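Only a predicted model underlies this, so the values are computations on that prediction, with no experimental measurement involved. Only heavy atoms go into these numbers, but all of them, side chains included; no hydrogens, no water, no symmetry mates. Lettering follows sequence order; numbering is per chain, from 1.
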Amino acid sequence: MSIYDSLNPRQKEAVFCTDGPLLLLAGAGSGKTRVLIHRIAYLIEEKKVNPWNIFAITFTNKAAGEMRERVDNMIGYGADKIWVSTFHSACVRILRRDIDKLGYNKNFSIYDTDDQKRTIRDVVKSLMYDKKMFTEKACMNTISTAKEQYMSVADFKEDAKGNFRLEKMATIYEKYQKQLETSNALDFDDILYKTVELFEHHPEVLEYWQERFKYIMVDEYQDTNAVQFLFVKKLASKYKNICVVGDDDQSIYKFRGADIRNILDFNSYFPDATIIKLEQNYRSTSNILNVANSVIRNNSGRMDKTLFTENGEGEKTAFSCYEDNYKEAEGIAKIIKKLSADTSNYSDFAVLNRTNAQSRVFEEKFMEYDIPYKIVGGVSFYARMEIRDIIAYMKLVHNICDDQAMKRIINVPRRGIGLTTIDKLNSYAIENGICLYDAACSVGKISDIKKAAASKILSFVQMIESFRDIAESGKVSELYAKILEETGYVENLTIEGTDEAKDRIRNIEELNSKIVNYEENASESNLDEFLSEVALISEVDSLSSDNAVTVMTIHSAKGLEFENVFLSGLEEGVFPSYIVTEYGDDEEIEEERRLFYVAATRAKKRLFISVAKKRAINGMTQYNDISRFVKEIDSDLLDLAPSFSKTSNISQIRSVNSYSSTAIKPANPMMTYKEAKEENPLEEGLSYKEGDRVRHIKFGLGTVKSITPVENDYEVVVDYDKHGVRRSYASFAKLKLEML
DNA sequence: CCTACTACGCTTTTT
DNA sequence: GCGTAGTAGG
């Protein structure tokens, strides 16, 4: 009896296939992490591979942490020698060793999205470009996309030739990159980009890491972008022992540069690659899988793969249609209340939304119904103002050229250094091609700055210098204590005395315990490593095991599983998102469809799908169609009317699953799919006919192209003046005849 | 130099 | 419908 006996034949095959390139197509819930762990064990125990030579790459710290733990549990000797790490933290380690070869200093700062945004803002301003035309968002997107594709400033310029806007973008990219160099800082994309650049220009460095990592494994491979692929490809090009695990159907990060072709074309990059499919699902019932399958099969260009399970049929997916999003949240709250009555096990439930904004109502209703819940997402701990401020002090001490850190704290807490003074410092720095702090050091030479202001700046510089002395000799916690003491940060908050200020003080204390905790766990505590860790951490990583319902976006739910899953807001314009339905192409619709697939396959036992006829979004009220994804589900997989319909129809007879037969009777009767269709306008007939001008609540004026009767309703095709041709159900669209 | 008000602008977000 | 960012006024 060996540890490998518990694996199914396909899984075994994957574990034993250790040499040469391997593509593991692992469907949702097919036990891929298990396979990876067993594969590592097999490499070490049977193939006598040195743990030192194994590298497992994940996307999230959470995934890395989980894998680390499971590896440690399974493998005794040498487990700690295996690199289990995210792309970014691996690259940071590689860069800390050799980035000086690219002209950066080894104590580089890591700029997060906010630092990036501010830098871009400064750049656009200094170029005097129209900030309406070159919004931070657009610039960030452009630069990020370029870097994700390993496109240099020079390449970008070349491509931009003749295009006015792109040429300006190229200038922004160039200046932005210059600014980062002056600040000795890398943004998230640079971390990958610079590593690949290092490999490319310094073969001896690449050689070193190729020898180090003879066996490479990449999890969630469908989410890799071009530069990540280059990184992996270069590392693996010598020994070619590369195993990638992914599921093309679960690729949901295209908007962040993930390139699905990396998985679809894997065997053209590695011609002799073995391909193994894991198609047995151990998580969900077949009814749930079939819901997922019936939707995802509408995508083209998938790898051929069909999930099956031996878990039994299970219950049908309950479909409910509510009056509005408040009733929807309330209905879900009631079902949870009912279902958890015996067990009180709230952690078995998850509400998955398309957008974060949808969470709000659930928060309200769960409070009202006394259901413990936790909302994933929102402002992360390290994004809080006070935490960023303190960290900015540390970052400046660590890397004196970090201009964003400098700008953040030069007058925080208030020390009378105003915007005009900072502007003067800034122009001096730009003129001389130096960083802000260096400019501050020679403030005496800047004639524009008056004596009074100059002395304030000098005392700031002196303070930072004293911090640097501590950082040289002491621990992170000592530096932290010194910073708080000298700046009087907490005192300022205490004087404020508001509840908000008290919260902030608590957060600062929390930061202290995080630092202490770090020092206890890290092998050697240094500022360098601490700051890297902080920069690359995210709050979602600490998913606690509270007894609470989880409310989150589908994106954050990836990789998780729950007994009961509620998918809310299955409406056109919500899911799929209006951005895609209005401006997107087929590919983007397919990504939304994959998102639905990911969402549905999170459920183990029961899946609930709901829509609201009326939804309050961004301060407006919208009336949306039922999502196309619902219509794609085979209707016999759906329980259309869980017991409480007000009219008797066949759907009542069909509702025989266990939860609905226990007759949950909401105070406000839910609307069912059929009712929604019936409610209107069959009895009176439609007020409009083909060729009429009608008004849609969202799309405005349009001309009716055709009206087709369907079961209990009409499908109306309208050519809208502003939004083009759209089809909707008459009962949902509530079209009004436009009187002339 | 700091505070208060208005205007704007909205998907998803592993790092 | 809310949070942020930029501007005007004290």
Side-chain angles (χ1 to χ4, degrees), chain A residues 57-65 85-92 110-114 116-118 121 125 131-132 135-137 140-141 144 147-148 186-193 219-220 222-225 227-228 250-258 352-358 360-361 376-380 382-383 385 411 414-423 452-453 456 532-541 543 552-560 569 573-584 588 591-592 594-596 598-599 616-621:
Chain A
I57 313 173
T58 64
F59 275 81
T60 64
N61 294 301
K62 187 168 144 260
S85 120
T86 64
F87 273 104
H88 287 81
S89 53
C91 288
V92 167
I110 298 170
Y111 273 12
D112 65 12
T113 322
D114 193 65
Q116 207 181 342
K117 224 190 244 170
R118 288 162 191 260
R121 191 155 56 212
K125 207 173 180 180
K131 64 183 176 201
K132 290 255 164 63
T135 59
E136 290 150 23
K137 231 184 140 178
M140 271 172 69
N141 255 327
S144 216
K147 288 183 180 176
E148 278 156 4
L186 302 187
D187 64 23
F188 284 141
D189 299 312
D190 282 337
I191 291 172
L192 263 302
Y193 187 106
D219 197 9
E220 304 282 13
Q222 75 280 355
D223 291 331
T224 49
N225 60 33
V227 67
Q228 285 162 337
Q250 289 188 70
S251 164
I252 54 174
Y253 281 105
K254 189 182 161 225
F255 69 95
R256 292 197 36 99
L352 305 187
N353 296 317
R354 178 64 184 83
T355 65
N356 277 311
Q358 288 167 253
R360 200 181 205 92
V361 208
V376 177
V379 200
S380 99
Y382 289 100
M385 185 178 79
N411 197 34
R414 305 256 119 89
R415 46 177 75 90
I417 303 175
L419 277 178
T420 41
T421 314
I422 297 171
D423 266 353
K456 282 175 189 162
S532 302
E533 205 163 292
V534 165
L536 299 178
I537 214 156
S538 83
E539 267 312 88
V540 197
D541 293 336
L543 197 92
M552 61 183 155
T553 63
I554 301 164
H555 284 91
S556 352
K558 186 152 149 238
L560 306 177
V574 177
F575 190 14
S577 156
Y578 71 94
I579 306 232
V580 172
T581 57
E582 307 248 326
Y583 316 103
E588 286 171 89
E591 174 131 328
E592 296 275 317
R594 290 193 289 272
L595 200 51
F596 179 90
V598 168
I617 284 184
N618 297 140
M620 325 185 277
T621 308

| message | With no hydrogens and no angle check, just 3.5 Å: does a side-chain donor-acceptor pair link A:Thr355 and A:Gln358? | response | yes
Would you indicate, yes or no, if [N] has its OP1 or OP2 atom less than 4.0 angstrom from a side-chain nitrogen or oxygen of [X]?
X        : N      : value
A:Tyr578 : B:dT11 : yes
A:Ser144 : B:dT15 : no
A:Thr58  : B:dT14 : no
A:Asn356 : B:dT13 : yes

| note | The nucleotide from B:dT14, B:dT15, B:dC10 with an atom nearest the side chain of A:Phe188 is B:dT15
| query | Side chain of A:His88: nearest nucleotide among B:dT15, B:dC1, B:dT14? | reply | B:dT15
| By salt bridge (charged side-chain N to carboxylate O under 4.0 Å, His left out) - contacts of A:Lys456 (at least two apart) | none
| note | Sorted by chain and residue number, the side-chain contact (heavy atoms from CB on, under 4.5 Å) partners of A:Asp114 (sequence neighbours excluded) come out as A:Asp112, A:Arg118, A:Arg388, A:Arg408
| query | Which parts of nucleotides 1-10 of chain C does protein reach within less than 4.0 Å, heavy atoms only, written one letter per nucleotide 5' to 3' as B for base, S for sugar-phosphate only and - for none? | reply | BS---S----
Return the set of residues passing side-chain hydrogen bond (donor to acceptor under 3.5 Å, both in side chains) with [X] (not counting sequence neighbours), or none when no residue passes.
X        : value
A:Tyr193 : none
A:Glu592 : A:Arg354
A:Gln222 : A:Glu220

